[in-house]
Amino acid sequence: MAKDILRKPTGFMDIYNFKPGDDKGNTHYCPGCGHGILHKLIAEALEDFGVADRTIMISPVGCSVFVYYYFATGNVQVAHGRAPAVATGIKRTNPDSIVISYQGDGDLAAIGGNNILQAANRGENITVFFVNNAIYGMTGGQMAPTTLIGQKTMTSPYGRSVQNEGYPIKMAELLSTLETTTYIERTSVHNPKNIAKTRKAVRKAIKCQIDGKGFSLVETLAMCPSGWKMTPVNSTKWIEEKMMAYFPLGVTKDVIEEREAYFPKKLELSNLEIKEKLGLTKERLFVKRDMSDVHDKYRNPHIKIAGFGGQGVLLLGRVLAEAGMRHGWNVSWIPSYGPEMRGGTANCQVHIDERPIGAPVVDRPSILVALNKPSLDKFEPTVKPGGIIFYNTSMIDRKPARDDVEIVGIPFSDIADELGSLRFANMVVVGAIIEKTNLLGYDVTIDALNEAIKNKKFVPANIKAIDRGIAEMKKL
Amino acid sequence: MAKELIKGNEAIVKGALLAGSRCYFGYPITPASEIAHGAATFYPLLGRTFLQAESEIAAIQMCYGAGGTGARALTASSGPGISLKCEGISYAAGSQVPIVIADIMRGGPGLGNIAPAQSDYNQVVKGGGHGNYKLIVLAPNCAQEMCDLTMLAFDLADKYRTPVFVLTDGFIGQMMEPVEFPEPVELDHRKKKDWAVMGDAETKGNLINSIYLNEEELEEHNQMLQDKYAEIEKAEVRFEDYLLDDAEIAVTGFGIVSRVLKSAVDVCREKGIKAGLLRPITLFPFPNDRFAELGDSMKHILVAELNNGQMLVDVKMAVGCRKARVHFYNRMGGVVPSVDEMVEKITEIAKG
């Protein structure tokens with residue numbers, strides 16, 4: 001076996017082809033840096049578990065931005081701090097892949113703080129390797145969220161102070177408080193004993209994912225001689241004496257045994273099943289009708305329906321539009337929206353037209369339904385000459401003043417109340433409209449109602465309301 | 001297939017699923033929330049992924065992750081959310097990750113309001129994030145197009161390896177119209193996307209990446225992107241002409257404005273004014289050549305927008321020093337002009 005000792009693990013590239021320049025054999029890391037050790041431990045684990053082929057490594061922003069130079073896996077380089085979100089997207093759409101997010105302290109604990117917190121809290125079945133070296137290495141030694149109190153950096157030249165920057169953030173402990181996380185451990189790579197412990201933790205974290213046990217994270221304290229302006233040897237001492245005093249090593253969360261394995265079910269659907277589930281195979285009553293069969297004053301109506309919120313104006317309009325569609329006409333429906341919403345009225349606007357519909361807005365309705373007084377006051381003047389106003393005499397104590405339009409006054413609310421609920425007023429209006437205008441057939445209107453009403457148990461009562469509206473209209 | 005009366009926003013969801021979209025990642029915002037609601041309902045029913053992200057920033061990054069594996073990913077938002085997504089969009093443009101993003105525009109700047117507007121034009125069409133990138137931008141003006149152009153968006157995103165926007169306003173999103181949904185698209189992603197990182201032996205040498213340390217390499221990468229955009233400009237321009245053949249005044253606008261303009265053109269024609277409509281369906285690539293032609297053949301071109309004149313700049317660029325005079329009419333803050341208002345404006349221009 002001796003010959004095997006001298007090769008790189010298969011999870012690691014032999015030659016760093018993605019690395020620009022002539023030197024394809026050495027990493028870009030500084031002498032004495034901790035990243036390389038952790039890289040090697042991960043690569044060995046990927047080989048030993050036989051998962052390198054299905055692993056996708058995520059390269060963050062920071063010193064480990066070039067993780068993709070080194071790992072013989074699928075590689076994705078991402079924005080600063082976003083690796084856990086990207087990992088989520090990958091894992092959710094490719095549950096068979098092994099997704100590893102490799103991040104530094106600025107990336108994970110500062111700019112990406114919410115991303116790691118939320119991914120951990122969702123229990124994403126991913127593995128995060130978090131390198132804590134208490135500094136921003138790549139950008140030139142600035143303060144990190146993990147920088148120790150008193151530690152001097154380019155952006156804390158007088159030393160980090162509690163008053164100005166608060167205490168260093170303990171991510172392993174913080175994330176361990178989340179109910180959903182499975183395995184979290186803090187390790188270090190400053191000496192062989194701790195490298196061995198890190199090796200174990202790396203394996204455990206990856207295995208956790210392979211076994212479908214959910215979110216795992218290893219926080220590793222690592223040397224940054226360049227950033228710390230120390231020799232590599234002094235860097236290892238600094239970890240032992242300073243970092244470990246504040247960031248204690250050890251397991252902060254381990255519920256691997258208790259956690260039930262979860263592998264999302266795959267669902268392959270036929271085209272027919274897809275259409276069924278999208279509701280596209282639904283049968284609708286279709287009765288072709290010629291607009292010329294409608295009295296010319298009611299043809300191609302522009303309808304505005306207005307009232308208080310809760311009077312069902314949107315549903316009223318929807319039923320008319322649904323029914324119009326079932327006659328083969330073009331229709332549009334828009335709820336009151338934008339500035340229209342102000343002023344105490346809710347309204348919707350419906351076009352039913354044999355020609356293509358341009359503007360869906362109804363500025364000058366040919367049919368106005370006014371269910372309350374503010375609506376009548378507001379929209380009466382806008383009705384087209386020769387148009388028609390349906391108004392709710394239960395709630396409007398004046399007759400419309402226009403003498404160039406048809407006026408239909410019906411106590412819609414009182415009738416609805418008689419039928420058992422004020423909420424049926426809108427369908428009483430529908431009955432009155434279809435009886436008065438002969439625009440929409442009864443059967444298509446009922447079919448339209450059936451589709452528009454979500455809770456089907458209310459359909460019979462609404463049909464009764466439509467029938468009553470027809471009867472009331474006939475009486476006039 | 002029978003027609004369904006459906007909101008534009010919901011038509012986007014069904015269109016996306018029929019186009020084989022595997023996942024939706026989004027964050028709620030009015031007036032785009034129906035897209036999230038619809039996606040939350042239908043993606044799981046079809047065994048696909050819906051996830052409400054912790055932020056707009058995360059949502060686009062989840063799409064970046066999924067899109068990088070070749071999965072057709074959808075997200076949607078409105079102005080303030082698009083601003084946050086710009087980080088991820090720039091990365092996706094640089095790394096050439098296909099993503100479809102719907103922007104149901106509302107009033108800005110800042111929180112603005114939730115009324116329909118078109119004030120994200122510059123942000124979306126010119127590329128709101130950092131770097132030299134452009135996005136394909138499709139501008140539906142009815143519920144049917146909300147479905148059709150979403151499906152087209154996925155095809156174009158894959159074809160050109162680029163994020164594609166479906167850009168419209170709150171009006172088109174909230175409006176219900178009949179939609180005839182096409183057959184589901186059958187896709188075999190694995191055969192088609194040899195660049196993707198799919199978590200298997202065949203694709204493990206692949207890399208999704210936007211960093212190029214070497215200046216010459218990054219310049220080359222940028223040039224490749226520009227070449228791609230030039231190719232898109234050649235092949236993917238889409239627009240709608242309406243009554244332009246004998247027209248003297250061309251009016252132009254996209255989204256809800258184009259609907260108002262079409263009605264206004266009809267009214268003007270009844271009044272004897274020779275007006276016609278050019279509606280850009282793609283905002284990038286912009287129908288420059290068609291506008292140049294109109295610059296020669298029209299007396300006037302009227303640009304109408306729900307913003308401070310963002311598309312106007314593109315129209316002026318395309319028309320250049322040609323004969324037609326370019327006019328502008330706008331409303332902002334969520335106000336949509338009425339047909340009468342536009343007729344009045346066109347009449348005023350016609351009188352000279």
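Since the structure is predicted, the reported quantities are computational estimates derived from the model, not experimental observations. Order of the sequence lines fixes the chain letters, A, B, ..., with proteins taken first and strands second; residue numbering starts at 1 for each chain.
- Using a cutoff of 4.0 Å between basic side-chain nitrogens and carboxylate oxygens, B/R259 and B/E177 are scored as salt-bridged.
- Between the side chains of A/N300 and A/E354, a donor-acceptor pair is found at a separation under 3.5 Å.
- For the set B/N141, B/V97, B/N214, B/I211, the count of heavy-atom pairs under 4.5 angstrom toward chain A peaks at B/I211.
- Residues A/N271 and B/E183 bring no donor and acceptor atom of their side chains to less than 3.5 Å of each other.
- Heavy-atom neighbours of chain A within the stretch residues 86-94 of chain B, taken at a separation under 4.5 angstrom, comprise B/E87, B/Y91.
- With a threshold of 4.5 angstrom between heavy atoms, A/E276 does not approach chain B through any atom at all.
- We find that A/D53 and B/K204 are joined by a salt bridge, their nearest charged nitrogen and carboxylate oxygen being less than 4.0 Å apart.
- Minimum heavy-atom separation, B/A304 to B/M342: CB-CE, 3.9 Å.
- Most heavy-atom pairs under 4.5 Å with chain B: of the set A/D363, A/T88, A/T93, A/L278, this distinction falls to A/L278.
- At a 4.5 Å heavy-atom cutoff, the contact between B/L51 and chain A is made by side-chain atoms alone.
- Annotation: maximal heavy-atom pairing with chain B below 4.5 Å, among A/V350, A/L267, A/D96, occurs at A/L267.
- With a 4.5 angstrom heavy-atom cutoff, A/I357 touches chain B via backbone and side-chain atoms both.
- With chain B as partner, the option from A/G74, A/A119, A/S332, A/A79 having the largest number of non-hydrogen pairs under 4.5 angstrom is A/A79.
- For the 3.5 Å distance criterion, the side chains of B/N206 and B/T203 fail to qualify, holding no donor opposite an acceptor.
- Around atom NZ of A/K288, more than 12 heavy atoms belonging to other residues, nucleotides or ligands sit under 6.0 Å away.
- Aromatic pair A/F18/A/Y69: centroids not less than 6.0 angstrom apart.
- A/N330 CG to A/I352 CD1: the interatomic distance, rounded to the nearest 0.5 Å, is 11.0 Å.
- With a 4.5 Å cut-off on non-hydrogen atoms, B/D266 does not touch chain A at all.
- Ranked by heavy-atom pairs shorter than 4.5 Å toward chain B, the options A/P20, A/S97, A/P360 are led by A/P360.
- For the options B/K14, B/E4, B/K262, heavy-atom pairs under 4.5 Å to chain A are most numerous at B/E4.
- The pair B/E145-B/R279 meets the salt-bridge criterion, since a charged nitrogen lies less than 4.0 angstrom from a carboxylate oxygen.
- Only the side chain of B/I256 comes within contact range of chain A, with heavy atoms under 4.5 Å apart.
- Residue contact with chain B, scored on non-hydrogen atoms closer than 4.5 Å, involves the backbone of A/H80 exclusively.
- Ranked by heavy-atom pairs under 4.5 Å with chain B, the list A/K266, A/E451, A/E273, A/R318 is led by A/R318.
- Few gaps surround CZ on A/F12; more than 12 heavy atoms of other groups in view lie less than 6.0 Å from it.
- For chain B, the nearby part of A/R284 is the side chain; its heavy atoms alone come within less than 4.5 Å.
- Listed options B/V13, B/V260, B/V265 were ranked by heavy-atom pairs under 4.5 angstrom with chain A; first place goes to B/V260.
- Counting non-hydrogen atoms of other residues, nucleotides and ligands closer than 6.0 Å to CD of B/E219 gives a total of 12 or fewer.
- Proximity to chain B (any heavy atom under 4.5 Å) is restricted, for A/V65, to the side chain, taken from C-beta onward.
- Between the side chains of B/T69 and A/N94, at least one donor N or O sits under 3.5 Å from an acceptor N or O.
- Between chain A and the options B/A59, B/G47, B/A58, B/P178, heavy-atom pairs under 4.5 Å are most frequent for B/P178.
- Of all the heavy atoms in B/Y64 and A/Q77, the pair that sits closest is OH-O, 2.7 Å.
- Only the side chain of B/T49 has a heavy atom closer than 4.5 Å to any heavy atom of chain A.
- Heavy atoms of A/F66 lying under 4.5 Å from chain B belong exclusively to its side chain.
- Judged by the 6.0 Å distance and 45° axis criteria, A/K277 is not positioned over the aromatic ring of B/F42.
- By the 30° and 60° cut-offs, the orientation of the rings of B/Y24 relative to B/F50 is parallel.
- At a 4.5 Å heavy-atom cutoff, the contact between B/L207 and chain A is made by backbone and side-chain atoms alike.
- Of all the listed residues (B/A201, B/A264, B/G65, B/G38), the one sharing the greatest number of non-hydrogen pairs under 4.5 Å with chain A is B/G65.
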